[in-house]
Amino acid sequence: MSETPPNTLQYRFDGPEDAPVLILGPSLGTTWHMWDRQVPELTKQWRVFRFDLPGHGGAPAYPAGAVADLAARLLTTLDGLGVQRFGYAGCALGGAVGVELALRHPERLASLALIAASPRFGTADEFRQRGVIVRTNGLDPIARSSPERWFTGGFAAAQPAITEWAVQMVRTTDPGCYIAACEALASFDVRAELGSVGVPTLVLVGSEDQVTGPAEARTLVAGIPDARLAVVPGASHLVPVEQPAAVTDLLVRHFSTAWQPGFDTATGHIALPAAVVKQVPAAGPPQPVAVAEIAPPAVSQQPQGRPDSYDAGIKVRREVLGDAHVDRVLAETDEFSGDFQELVTRYAWGEVWDRPGLDRRTRSCVTLTALVAGGHLEELAFHTRAALRNGLTPAEIKEVLLQTAVYCGVPAANRAFRVAQQVVREETTPQE
């Protein structure tokens with residue numbers, strides 16, 4: 001490759017030159033080769049652009065101490081290549097770059113996938129301590145411990161060559177650039193800004209990820225409007241490497257169906273593309289993937305004046321309860337129950353749940369408590385699932401139910417614990 005200037009990134013292209021551009025962003029300590037297993041399928045529809053972080057994979061060692069700096073270098077690289085609009089999928093630190101692009105440069109993004117990502121990666125002290133370790137002992141201790149952070153134990157044992165490849169990726173990274181990347185993650189915190197992400201977003205996570213796991217993924221889904229969640233069973237942090245077929249299938253489905261058209265800068269209107277990216281059906285049997293997706297609400301006529309609360313309600317109802325639940329309820333609706341379902345959608349979801357005074361995590365806590373008090377165990381089950389989608393962890397749900405034992409009675413809480421325990425097991429246990 002030609003020399004990489006300090007304000008750009010080392011990159012490579014794969015796929016047809018006239019296809020839409022899809023960018024794949026790497027995790028800290030990895031190279032663009034972490035995406036090798038996705039490229040053959042993705043290049044059937046997209047021109048795939050991969051990049052290396054500074055000092056990773058032989059890239060020039062120009063440290064970047066902020067996620068915004070990495071995003072700026074990526075855009076400078078793309079500007080030099082004439083790439084203005086693209087889809088983006090990023091893993092961990094690469095996902096943080098994707099969120100940064102969505103918040104600061106939404107006009108460039110057509111669609112977004114966040115993999116093993118979080119709005120805040122642990123605590124600042126954790127990453128700064130990792131930097132201290134590297135300064136003192138080099139990258140070897142970090143490299144040797146990477147497989148246990150990145151892969152499940154079974155995968156690491158069954159795939160020694162991939163495990164050793166992962167160790168060598170970290171070991172050959174420039175220490176100064178690794179430390180700077182740790183500083184970038186230490187200062188990254190966009191929890192308060194997630195509501196401003198306006199790009200179609202898939203949040204994808206391995207069920208066994210102990211670094212940025214399902215709880216962090218649900219926080220992203222709860223905060224990002226219209227985000228969809230996909231949980232891949234039997235995978236840890238580096239899920240594109242551990243479950244490549246499942247991740248590829250999810251990316252193809254997302255970017256095939258959720259590619260937002262750009263804006264015509266001359267008119268300010270959406271510029272509809274001449275051709276829409278077509279979906280290619282996945283080959284072979286379906287992968288064992290637990291996917292909780294939220295379908296966009298159906299478009300309906302808006303009356304003049306105040307917006308129709310039904311449209312807002314069906315949107316929020318799908319986001320909180322999930323597409324499958326809402327579709328099932330609506331499919332069972334007939335002439336007798338239709339007015340009731342409209343009332344619930346319009347007023348419970350469109351008027352109350354959509355109010356800005358409380359965030360959805362808090363509303364889930366209130367709802368769980370009220371359902372325990374009223375003994376409404378059937379609704380407690382699907383609102384426990386909703387609470388997980390809204391970002392509550394199983395430990396937080398447990399605390400809510402313990403509180404109800406004091407104020408609603410031990411028998412009521414006992415029944416509630418049985419219901420919630422079953423839901424948590426179903427939602428957090430990998431599928432065979």
Side-chain angles (χ1 to χ4, degrees), residues 92 95-96 99 114-127 149 152 185 188-195 201-224 227-237 239 290-294 319-322 325 353 358-372 377 379-408 413-414 416-431:
V99 176
L114 304 176
I115 302 166
S118 176
R120 180 172 182 257
F121 291 80
T123 67
D125 287 344
E126 291 174 15
F127 283 99
R149 293 194 307 273
T152 60
L185 287 172
F188 182 76
D189 186 353
V190 294
R191 289 174 294 177
E193 300 180 82
L194 292 178
T201 302
L202 170 70
V203 178
L204 193 157
V205 65
S207 64
E208 305 305 303
D209 190 344
Q210 301 300 308
V211 181
T212 49
E216 286 82 0
R218 290 185 174 101
T219 300
L220 287 168
V221 171
I224 298 174
R228 294 159 170 81
L229 174 65
V231 181
V232 180
S236 187
H237 189 59
V239 58
V291 183
E293 292 198 331
I294 311 164
E319 290 173 355
V320 174
L321 298 180
H325 173 85
W353 270 89
L358 295 175
D359 60 30
R360 290 186 184 172
R361 285 168 49 88
T362 304
R363 291 191 186 279
S364 278
C365 291
V366 174
T367 302
L368 292 177
T369 303
L371 292 173
V372 174
L377 298 187
E379 296 210 2
L380 180 65
F382 62 75
H383 270 286
T384 301
R385 288 189 175 86
L388 291 168
R389 294 177 64 84
N390 283 342
L392 287 176
T393 65
E396 290 171 327
I397 293 172
K398 177 182 70 175
E399 292 301 321
V400 171
L401 297 184
L402 284 172
Q403 191 82 359
T404 66
V406 177
Y407 292 97
C408 302
N414 182 44
F417 262 103
R418 286 200 298 269
V419 172
Q421 181 183 45
Q422 180 62 32
V423 171
V424 169
R425 283 175 177 170
E426 292 172 357
E427 292 294 312
T428 59
T429 300
Q431 296 182 355

Student check: side-chain heavy atoms of Phe417 and Leu402 closer than 4.5 Å: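 Yes - at least one pair of side-chain heavy atoms lies under 4.5 Å apart.
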Side-chain heavy atoms of Val239 within contact of Asp209, under 4.5 Å: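 In short, these two side chains do not touch, never coming nearer than 4.5 Å.
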Least distance between heavy atoms, Ala117 atom then Gly95 atom: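 Shortest heavy-atom contact: CB-CA, 4.4 Å.
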Donor-acceptor contact below 3.5 Å, side chain Glu216 vs main chain Gly213: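 Present.
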Pro119 side chain near Thr219 side chain, heavy-atom distance below 4.5 Å: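 When only atoms from C-beta onward are counted, Thr219 and Pro119 do touch, with a gap below 4.5 Å.
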Heavy-atom side-chain contact between Ile397 and Val423 under 4.5 Å: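 No. Closest side-chain heavy atoms not under 4.5 Å.
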Distance, nearest 0.5 Å, that separates OG1 of Thr404 from CG of Asn414: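 Nearest 0.5 Å value for the OG1-CG distance: 10.5 Å.
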Shortest non-hydrogen separation from Ser118 to Phe188 and the atoms involved: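 Closest approach of Ser118 to Phe188: O-CE2, 3.6 Å.
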Flag side-chain contact, heavy atom, 4.5 Å: Pro394 against Lys398: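 They are not in contact (no side-chain heavy atoms under 4.5 Å apart), so the answer is no.
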Geometric class of the Phe127/Phe121 ring pair [parallel <30°, tilted 30-60°, perpendicular >60°]: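 Geometry flag for Phe127 against Phe121: perpendicular rings.
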For the student: nearest non-hydrogen atoms of Ala416 and Val372, plus distance: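 Closest approach of Ala416 to Val372, heavy atoms only: CB-CG2, 3.6 Å.
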Spacing of OG1 belonging to Thr369 relative to CG belonging to Leu380, to within rounding of 0.5 Å: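 With rounding to 0.5 Å, OG1 (Thr369) is 10.0 Å from CG (Leu380).
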Beyond-backbone contact of Arg361 with Glu396, side-chain heavy atoms, under 4.5 angstrom: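 Yes, side chains in contact.
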Donor on one side chain, acceptor on other, Glu399 and Gln403, under 3.5 Å: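 Short answer, no.
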OG1 on Thr384 to CG on Leu401, rounded to 0.5 Å: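 One gets 7.0 Å once the value is rounded to the nearest 0.5 Å.
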Distance, nearest 0.5 Å, that separates CG of Leu114 from CD1 of Ile224: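 Atom-to-atom, Leu114:CG and Ile224:CD1 are 5.5 Å apart.
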Between CG on residue Leu358 and CZ on residue Arg363, distance to nearest 0.5 Å: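 Going from the CG atom of Leu358 to the CZ atom of Arg363 covers 4.5 Å.
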Any donor-acceptor N/O pair, Thr152 side chain to Ala235 backbone, under 3.5 Å: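 Not a single qualifying donor-acceptor pair exists.
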Sub-4.5 Å side-chain heavy-atom contact between His237 and Arg149: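 They are not in contact (no side-chain heavy atoms under 4.5 Å apart), so the answer is no.
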CZ on Arg385 to NE2 on His325, rounded to 0.5 Å: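 Between atom NE2 of His325 and atom CZ of Arg385 there are 10.0 Å.
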Gln210 CD: over 12 foreign heavy atoms closer than 6.0 Å: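 Not buried by this count: 12 neighbours or fewer within 6.0 Å.
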Nearest atoms (heavy-atom pairs only) where Ser207 meets Gly234: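 Minimum heavy-atom contact is OG-N, 3.2 Å.
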For Trp353 against His383, the heavy-atom pair lying closest together: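 Looks like CZ2-CE1, 4.0 Å.
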